[in-house]
Peer 1: 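Let me give you the structure first, and then I'll get to my questions.
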Amino acid sequence: MTAFAAEGARTRTAARSRRPARADLGARPSKRLAGDTPYGDAYRIGPLALSLRTTDIRLRRDFHGLYADYAVAAAPPDALLVSVSKRRSPRTLRRTFHISVDGEERFVVASRRAVLPHVEWAINGAAVSTLPGYFQIHAAAVVRNGAALILPAGPGSGKSTLAAGLIHRGWSYLSDEFALIDPQTLHACPFPKALCIKHGSFDRIRRLGLAFSSDQDYVKGVKGRVRFVDPRQLGPQAVGVAAPVRWIVFPKSVGSAAPRLERISRARAAYELARVSFTLARFRGGSLDLLADLAAGAECLVLHAGELSPTCDAIEAQVRRDERGRADSPRRTRSVQRAATPEPSARLCGLSGETAAAARSRDALLRGLAACLAGRPQRVTDKWHHLGLWDRAACLACDLGLGAFLAEALEREGLCTPPSAAATLAAYRRHVAARNAYLETRLRPVLDALTEGGVPFLLLKGAALNASLYGRRDLRGMCDIDLLIHPGDAVRAGQRLTAAGCRAGREHVRPGFFPRFYFEREYWTPDRPPVRLDVHVRPFRPVLYASTVPPDALWDQPQRVELAGSSVLIPHRENMLIHLCVHAACHGLEHLRWTHDIHRFLESNGAALDWYDIERKAKAWRLALPVRRALESVRQTFGATGGVNEDVLSRFDVPAAWLDRLALDQSPHDASRPVRHIVTDVLSLPGWRDRRDYLLATLLPAGSHMASWYSRRHHGWMAAAHALRLMRPLVGRFARTAEPAVR
Amino acid sequence: MVLPRRGVRVREIDGEGVTYDLAHHSIGYLNRLALAVWTRLDGQTSSARLAETIAEACQEDLDEVERYVEETLDALLEAGLADVLLERSGS
């Protein structure tokens with residue numbers, strides 16, 4: 001009688017974290033960033049964003065060959081920085097490849113053929129700590145008909161080969177090494193890294209008629225020769241979407257015997273899942289409930305695998321039987337029971353299920369995050385601790401660009417953070433520092449070019465705040481650099497930037513639309529990865545403000561600050577506050593990061609602010625409404641800060657014209673409601689001639705603009721491009737873009 | 001007398017159990033009879049009495065259950081999931 005089995009199933013993260021960190025990006029950014037012609041690419045593979053930086057063209061080509069579909073224009077702030085550098089030993093002259101993630105050296109390999117597998121390995125290792133919001137199981141995962149099947153097992157058990165076999169039969173791919181489980185929904189989520197097949201399975205893959213991404217063998221440490229299979233090449237719907245886990249199949253062995261599947265109890269399955277989990281300790285007691293719920297909602301089986309094809313037959317036959325049985329069985333609703341049942345952690349701290357669920361909502365986490373940033377973290381962090389929400393909160397803070405601020409607030413209050421959340425926040429902070437250092441380094445030649453060309457400019461938003469308010473690199477991340485120039489300098493600035501190697505972004509609807517109607521032009525530096533510069537001729541997007549805000553509005557008494565070793569100008573204190581408020585209001589006050597900027601600005605400058613001057617300018621420039629809305633939002637979110645009280649708010653209580661309200665309410669929706677955007681802009685323009693020119697430009701754009709809507713060139717391509725553009729209002733509803741339709 | 005160690009949580013699934021040790025982040029599996037033993041550990045009931053109760057509830061042979069209960073208690077203690085409660089002198 002097997003009575004009891006207890007085994008320490010500790011996560012591998014601890015073992016990995018003991019690996020000595022031989023290099024730190026924050027410690028030597030200039031050396032890394034000053035490398036010769038570094039090629040870099042940004043990708044978002046499932047939930048993981050990464051930026052590959054290397055001077056090795058072959059590696060870049062091979063990696064891009066596997067992940068071309070996941071390439072993004074620029075690395076988001078939360079991207080992992082994966083860098084591969086070649087070095088030669090001065091003593092032996094032997095060449096080695098050094099693979100680092102976020103500045104921490106993970107592998108050093110001598111053979112070129114070992115580089116790509118180790119880059120993959122390094123990314124997988126980093127994913128454990130970079131994706132703290134997911135429960136991670138060492139498993140392959142596939143999905144069909146909205147139901148996921150996971151194959152949890154250790155290395156060498158054939159799960160990748162099995163996944164490839166199932167994808168070949170019409171399953172869609174979710175992941176190879178990691179099954180990412182969303183703790184709220186228990187859905188397996190896609191993380192479509194390339195399948196890594198070991199040499200023992202090459203023939204099995206070939207017999208199925210599947211192709212490797214290339215005929216080249218790679219070398220992956222003790223695993224020997226490996227090749228990659230690009231899941232996109234396996235079928236038209238090769239990569240699936242998140243789905244509930246319906247089958248948990250543990251592959252136990254690979255041999256020539258006839259394959260068979262046997263059921264195991266769900267408790268046993270939960271225990272076996274824990275043994276191959278990477279995040280058991282991170283979720284603490286929540287792991288138990290999550291694994292139990294996962295097993296309870298699935299059919300749990302052990303697979304004694306044989307040849308690939310019969311093994312896939314056996315799995316599919318079992319799946320068909322279960323599907324037939326499930327159609328008549330109430331077990332189908334098991335996975336949704338999790339949401340209805342009060343969670344054990346909630347019971348422990350005496351909260352009802354409903355209260356606990358409310359505390360887990362995004363809004364509640366946002367409120368908690370704001371309380372922490374406002375200096376009231378004690379109660380919130382106690383609740384996070386009791387409900388096991390620390391990791392979600394840390395993850396959310398990083399997603400919102402506030403991870404470093406949260407870490408700073410916790411440090412200031414001397415609060416203890418659970419190790420996993422602390423690691424997430426610390427990693428994010430290092431990343432912010434590295435990214436800001438990179439942006440500043442790349443910004444310098446551009447600023448020099450403008451200065452030499454006699455183009456005066458002001459820095460706005462993130463760069464201005466980092467230089468004046470925060471004073472350090474590892475707090476506020478920047479995605480781009482915003483510059484304000486005089487409208488009359490627009491052409492000259494464009495020439496200087498082009499001469500400095502920058503390329504202009506997407507063409508406006510017609511030449512001359514910028515700066516006459518549109519407020520900014522986008523440029524990209526010649527670096528890899530490039531840095532985006534938004535060159536503004538006016539500080540605010542709504543066309544209405546082009547006529548109400550004078551061209552030199554933010555230019556009086558600018559302050560001089562140091563950034564990237566250069567002396568630059570930023571708007572004066574009062575002007576800066578107006579700009580921050582109106583900018584946040586024009587984006588619907590939906591970004592906590594920007595309201596937090598205002599809160600910090602008020603905290604730091606509140607006593608010295610000349611509210612009379614702010615009131616006078618806001619009223620004269622018809623900005624009283626957005627300023628009031630922004631200050632009110634900051635007060636509601638962070639409490640009374642910087643002397644913003646009812647008296648101050650009442651200064652901006654002036655009746656707003658219907659056009660002011662329309663322009664402000666429409667501004668956050670410019671991308672999703674292009675027709676309303678055009679109507680609002682036309683109504684905002686002062687003269688009939690401007691209105692006519694604006695309408696002509698937006699309705700009949702120039703060919704240079706239409707070229708960006710449709711990449712192919714053939715007879716009638718313009719008509720196709722116009723059709724695509726007209727469909728934008730429909731497509732825009734589903735597209736995740738914040739880019740205005742008219743620019 | 002044996003009682004469950006503080007900080008060890010158990011979740012029952014289909015009559016079997018999975019344990020989680022919050023201090024050491026280790027997980028364990030309890031089959032039906034082991035779960036029956038675990039749920040009756042209260043620091044007051046002797047192993048003999050425990051075996052009697054389980055044998056009666058499960059309608060199993062008492063000798064076999066007694067041996068089994070002893071093995072389970074040893075395993076639980078060895079795994080650090082339960083503690084021996086020492087009787088205080090004079091109490």
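Each chain gets a letter, A, B and so on, in the order the sequences are listed, and its residues count up from 1.
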Peer 1: Mind checking what makes salt bridge (charged side-chain N to carboxylate O under 4.0 Å, His left out) contact with B/Glu12, not counting sequence neighbours?
Peer 2: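 For B/Glu12 there are no salt bridge (charged side-chain N to carboxylate O under 4.0 Å, His left out) partners, ignoring immediate neighbours.
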Peer 1: List in chain and number order the residues that pass salt bridge (charged side-chain N to carboxylate O under 4.0 Å, His left out) with B/Glu16, two or more places apart in sequence or in another chain; answer none if no residue qualifies.
Peer 2: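 Once residues adjacent in sequence are excluded, B/Glu16 has no partner under the salt bridge (charged side-chain N to carboxylate O under 4.0 Å, His left out) criterion.
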Peer 1: OG/A/Ser287 to CD1/B/Ile27 distance, rounded to the nearest 0.5 angstrom?
Peer 2: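 One finds 7.0 Å between OG of A/Ser287 and CD1 of B/Ile27.
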Peer 1: Considering non-hydrogen atoms only, spot the tightest contact between A/Ala267 and B/Ile13 and give its length.
Peer 2: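 So the two residues come closest at CA-CD1, 3.9 Å.
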Peer 1: Would you check if A/Leu291 and B/Tyr20 make a side-chain contact, meaning some heavy-atom pair closer than 4.5 Å?
Peer 2: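 Heavy-atom side-chain distance check fails, nothing below 4.5 Å.
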Peer 1: Any chance you could measure A/Leu288, atom CG, to B/Asp21, atom CG, to the nearest 0.5 Å?
Peer 2: 11.5 Å
Peer 1: Can you tell me which portion of B/Val37 sits under 4.5 Å from chain A's heavy atoms? Options are side chain, backbone, both or neither.
Peer 2: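 Neither part.
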Peer 1: For the NE2 atom of B/His25 and the OG atom of A/Ser277, what is their distance to the nearest 0.5 Å?
Peer 2: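 So the gap between those two atoms works out to 11.5 Å.
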Peer 1: Would you mind reporting whether B/Arg9 and A/Asp289 have side-chain heavy atoms less than 4.5 Å apart?
Peer 2: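 Touching, per the 4.5 Å side-chain cut-off.
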Peer 1: Once you round to the nearest 0.5 Å, how far does CZ of A/Arg268 lie from CG of B/Asp14?
Peer 2: 15.0 Å
Peer 1: Are B/Arg11 and A/Asp293 close enough for a salt bridge, meaning some N to O gap below 4.0 Å?
Peer 2: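 Judged by the 4.0 Å cut-off on N to carboxylate O distance, B/Arg11 and A/Asp293 do form a salt bridge.
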